Amino acid sequence: MDARSLPLNEKYTRPAPARMAPLAKLPVFWSLDGKPVVVAGGSDAAAWKAELLVACGAEVHVYCAEDELSDVMRGLIGQAIASLPEGIQQPPPSVLPDISPSRREIGRRRRGCSPSWVDSTDALSVKASPDANEGRRWTKTPAVASISPREGEMSGRTKGGNHACRGQILHHPEAWHPDIFGHAALALADCETDEDARAFFTAAVAAGVPVNIIDKPAYCQFQFGSIVNRSPVIVSISTDGAAPILAQAIRRRIETLLPAALKQWAELAQALRERVSDRLAPGQPRRAFWERFVDRAFAGNQPPGEDAARTLLADAERLGGAPATGRVTLVGAGPGDAELLTLKAVRALQAADVILFDDLVSEEVLELARREAKRLLVGKRGGRTSCRQEDINDMMVRLAKAGKRVVRLKSGDPMIFGRAGEEIARLEAEGIPVDVVPGITAASAMASRLGLSLTHRDHAQSVRFVTGHSRDGGLPKDMNWSALADPHTTNVFYMGGRTAPLIAARLIGEGASPATPVVIVSNVSRPTERQWRGTLENVGEGIALIGYDDPVLIAIGGSLAASVCVTQHAATIQAQ
C-alpha cells in the first residue's frame with residue numbers, strides 16, 4: 001500500500017514532485033583508456049586539455065606546426081633529442097590512419113615532417129624519423145616536467161592521481177585535415193576564428209566524432225567541467241558555459257569538504273566490492289555495510305589502516321548472518337529553504353529506502369534525497385483532507401519490519417507540533433529502532449528573516465510556541481490565556497490563520513493592549529514568503545491580506561517593536 005491508497009475522506013490531489021529537475025547537459029564519465037583523441041592546435045589551452053586527456057589514459061594526437069607550439073605544449077611533448085639505447089621497444093603505432101603529404105589539406109601544413117611521441121607512463125619522449133623502409137627510429141628526450149593546469153580543470157591531479165594507466169601523446173607537426181579523425185573517440189581544437197572552428201566542427205561531425213572547440217560553446221557537442229580529483233572519486237562541475245568562475249568557486253568549496261584520504265578509501269572500496277557482494281545480498285544489509293564504510297571514510301582525514309580490509313570483511317560476514325532489521329528516523333525538514341537543513345538531515349535523506357513526507361516539505365528539500373528512495377506523500381494540513389495519523393503509523397511499522405530504512409520527513413522540527421510523540425510511542429511499542437534529527441522550527445526561521453530577537457531583554461523574558469487551533473478547528477479550551485496576555489512574553493502561534501481574529505479578541509479580553517505589535521508571516525523562508533506588520537487590534541485586516549491557504553505564523557509581543565525600530569533605522573541610514 002502506498003500513500004495514494006491510504007484511506008482518505010476524499011481524493012488527495014497534490015502530486016509528488018518530479019524526481020529529476022531539468023538538466024542543461026547530461027553529466028557522463030567516459031573511459032578513454034587507450035583510445036585515440038585528436039587535438040588540433042598547440043596553444044596553452046590545447047596543452048591543458050591534452051594533459052587532462054593523457055591523465056585519463058587517452059592516446060592523444062596533437063596536430064600543429066612545430067613553430068606554432070606554445071612553450072607549455074612544447075614542455076608536454078618534449079624537444080630535447082637524445083639517442084635511445086638499443087633494445088628499447090618502440091611505442092605502439094597509432095590506430096589512426098597514417099598521414100602522408102599527398103592527402104588533402106586544410107590550412108598550412110609542414111611537409112616531410114614525422115610525428116614525435118610522448119609516453120608519459122615511463123616519463124620519456126621520443127621522436128621518429130622515417131627511413132627508406134618507412135620504419136621508425138625512436139630517440140630519447142628528458143622526462144617532461146608536470147604542467148600546471150588551468151584553475152578548475154585538473155585540480156588535485158597530482159594528489160588524487162588516476163587508477164588507470166596514463167596515456168600517450170603523438171605530435172604530428174602539421175595542420176589538421178579531414179582524414180585525421182579515423183577511429184578517434186573525441187576531437188578537440190583551439191581555433192582563432194569562427195570560420196576555422198566551423199570547418200573543424202563540420203569535419204568532426206561528418207566523421208561521427210564528438211567535438212569540442214575551446215572557448216567557442218556554439219561549436220561544442222560536449223563540455224569540460226571544473227574537476228575535483230580524488231580518483232577513482234571524481235567530481236565534475238558544470239555551469240553549461242554560463243559562469244566558469246562560479247564553477248571554480250564551487251570546486252574550491254567541494255575541495256574543502258572532501259578529505260584527501262578519500263582516494264585511498266575509494267580504492268579500498270574498489271578492492272572489496274566483489275567480496276562484499278559475495279557475502280551480502282542486495283538490499284538493506286549491503287546498504288548498511290557501505291553506510292558504515294562511508295562513516296569510517298569521513299571520520300577523519302586518515303587513509304585506511306593496514307587491517308581495514310580484514311575488519312570490513314568481518315563486518316560484512318556479521319551483517320550477512322543477521323536478520324534484516326529496519327529503522328525509522330524522524331527528520332526535520334525546516335521551514336522550506338533547503339539550505340537550512342542540517343548535515344545530519346541530508347545524510348539521513350541520502351541513506352533512506354523510503355521517505356514519507358508531509359505536504360509542507362519543499363521540493364528543494366526532497367531533491368537532496370537519494371534518487372533510488374521511494375517517496376510517499378502523506379500530507380496532513382489543518383482544515384483540509386489529510387492522511388490519517390493511524391495509517392501513517394501503520395505504514396512506518398510495516399516498512400521498518402520489512403527491513404527498510406524509513407525517513408519520516410516533517411516540515412520544521414519533528415518535536416514541535418509534528419505529532420512525533422504519537423509516532424515514537426507506536427514504533428517503540430513495536431520494538432522498532434527510532435531516532436530523531438531536529439530541524440529549524442518555523443518560529444526561529446521567522447525571527448532570523450525579520451531580524452528580531454524573540455526574547456529581547458528590554459521587552460520579553462520568555463517565548464511561547466502556541467497551537468492556533470484545537471482538534472475541532474476552534475480555539476484550544478485548555479490554554480492559560482491570561483498567561484499568554486503577559487506583556488513580557490512573546491507568543492508565536494502556529495496554524496492560527498483561520499482563528500487569528502479569535503486569538504486577538506481573546507488576548508485583548510485577558511488584558512493585552514490592543515496596540516501590542518503583531519507580525520504575520522506566510523511561507524517563511526520560501527520565495528513566496530509574505531509579511532504583514534500591525535497591532536493586535538487589526539489582526540483581522542492582516543490575515544485577510546496574507547490569507548491562510550499557506551502555512552501562517554502569528555507573532556505577538558513587545559519584542560516585535562524592537563524589530564520595527566531596527567528596520568526603520570536601517571532604512572534611514574540607507575536613504576542617507
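As the structure is a computational prediction, the values presented were derived from the model and not from experiment. Values reported hereafter were calculated over all heavy atoms of this structure, with side chains retained and with hydrogens, waters and symmetry mates removed.
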Salt-bridge present ([X], [Y]; N to O < 4.0 Å):
{"X": "Arg426", "Y": "Glu430", "value": "yes"}
{"X": "Arg230", "Y": "Glu255", "value": "yes"}
{"X": "Asp550", "Y": "Arg530", "value": "no"}
{"X": "Asp295", "Y": "Arg292", "value": "no"}

[X] side chain to [Y] main-chain N or O, any donor-acceptor pair under 3.5 Å?
{"X": "Thr329", "Y": "Val331", "value": "no"}
{"X": "Arg526", "Y": "Pro335", "value": "yes"}
{"X": "Glu529", "Y": "Ser525", "value": "yes"}
{"X": "Arg251", "Y": "Ser226", "value": "no"}
{"X": "Tyr494", "Y": "Ala443", "value": "yes"}
{"X": "Thr467", "Y": "His469", "value": "yes"}
{"X": "Ser277", "Y": "Arg273", "value": "yes"}
{"X": "Asp413", "Y": "Thr441", "value": "no"}
{"X": "Thr535", "Y": "Ala515", "value": "no"}
{"X": "Asp358", "Y": "Leu360", "value": "no"}

Q: For the pair Leu319 and Asp315, evaluate side chain to side chain contact (heavy atoms under 4.5 Å, CB included) and give the outcome as yes or no after the intermediate values.
A: CA-CA 6 Å; Leu319 288 171; Asp315 193 22; 4.2 Å; yes
Are [X] and [Y] packed together at the side-chain level, in the sense that at least one heavy-atom pair is separated by less than 4.5 angstrom?
{"X": "Met415", "Y": "Val436", "value": "yes"}
{"X": "Leu356", "Y": "Met396", "value": "yes"}
{"X": "Arg533", "Y": "Pro517", "value": "no"}
{"X": "Phe465", "Y": "Asn491", "value": "no"}
{"X": "Gln531", "Y": "Met446", "value": "no"}
{"X": "Val437", "Y": "Thr342", "value": "yes"}
{"X": "Ile227", "Y": "Ile234", "value": "yes"}
{"X": "Met395", "Y": "Leu399", "value": "yes"}

Q.
Within the 3.5 Å criterion, strictly below it, is a donor on Thr528 or Asn523 matched to an acceptor on the partner's side chain?
A.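 Checked: Thr528/Asn523 side chains pair up, N/O donor to acceptor below 3.5 Å.
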Q: Please report the C-alpha distance between Glu291 and Arg296 in whole Å, then the side-chain angles of each, then the deciding distance to 0.1 Å, and finally whether the salt bridge (Lys or Arg N to Asp or Glu O under 4.0 Å) criterion is met.
A: CA-CA 9 Å; Glu291 285 161 5; Arg296 290 186 174 99; over 6 Å; no
Q) In this structure, are over 12 heavy atoms from other groups packed under 6.0 Å from Leu257 atom CG? A)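 More than 12 within 6.0 Å, yes.
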Shortest non-hydrogen contact between [X] and [Y], atoms and distance:
{"X": "Ala400", "Y": "Ile432", "answer": "CB-CG2, 3.6 Å"}
{"X": "Leu560", "Y": "Val519", "answer": "CD1-N, 3.6 Å"}
{"X": "Phe417", "Y": "Val466", "answer": "CZ-C, 3.5 Å"}
{"X": "Val235", "Y": "Ile254", "answer": "CG1-CD1, 4.0 Å"}
{"X": "Ser411", "Y": "Gly334", "answer": "OG-O, 3.5 Å"}
{"X": "Pro414", "Y": "Ala420", "answer": "O-CB, 3.1 Å"}

Between atom [atom1] of [X] and atom [atom2] of [Y], what is the distance when rounded to the nearest 0.5 Å?
{"X": "Gln461", "Y": "Asp486", "atom1": "CD", "atom2": "CG", "answer": "8.5 Å"}
{"X": "Thr239", "Y": "Gln248", "atom1": "OG1", "atom2": "CD", "answer": "9.5 Å"}
{"X": "Leu349", "Y": "Leu341", "atom1": "CG", "atom2": "CG", "answer": "6.5 Å"}
{"X": "Cys387", "Y": "Leu376", "atom1": "SG", "atom2": "CG", "answer": "10.0 Å"}
{"X": "Arg398", "Y": "Asn393", "atom1": "CZ", "atom2": "CG", "answer": "11.5 Å"}
{"X": "Arg318", "Y": "Arg279", "atom1": "CZ", "atom2": "CZ", "answer": "14.0 Å"}

Q: Determine, stepwise, if the pair Phe493 / Val552 fulfils side chain to side chain contact (heavy atoms under 4.5 Å, CB included).
A: CA-CA 9 Å; Phe493 287 86; Val552 172; over 6 Å; no
Q.
Going by salt bridge (Lys or Arg N to Asp or Glu O under 4.0 Å), Asp353 matches just one of Arg327, Arg287, Lys404, Arg375. Which one?
A.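 That would be Arg287; it is the only one of Arg327, Arg287, Lys404, Arg375 passing the salt bridge (Lys or Arg N to Asp or Glu O under 4.0 Å) with Asp353.
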Q: Report the C-alpha separation of Leu268 and Gln264 in whole Å, then their side-chain angles, then the decisive distance to 0.1 Å, and conclude whether the side chain to side chain contact (heavy atoms under 4.5 Å, CB included) test is met.
A: CA-CA 6 Å; Leu268 178 60; Gln264 288 79 18; over 6 Å; no
Q. Does the pair Trp265 and Phe298 meet the rule for a ring pair (Phe, Tyr, Trp, His ring centres under 6.0 Å), with working shown?
A. CA-CA 9 Å; Trp265 284 99; Phe298 283 92; 9.4 Å; no
Q: Scan Arg506, Glu510, Met479 and name whichever one has a side chain to side chain contact (heavy atoms under 4.5 Å, CB included) with Leu484.
A: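 Of Arg506, Glu510, Met479, side chain to side chain contact (heavy atoms under 4.5 Å, CB included) with Leu484 is met by Met479 alone.
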Q: Determine, step by step, whether Phe29 and Ser236 satisfy the side chain to side chain contact (heavy atoms under 4.5 Å, CB included) criterion, reporting the C-alpha distance in whole Å, the side-chain angles of both residues, the deciding distance to 0.1 Å, and the verdict.
A: CA-CA 9 Å; Phe29 291 88; Ser236 182; 4.3 Å; yes
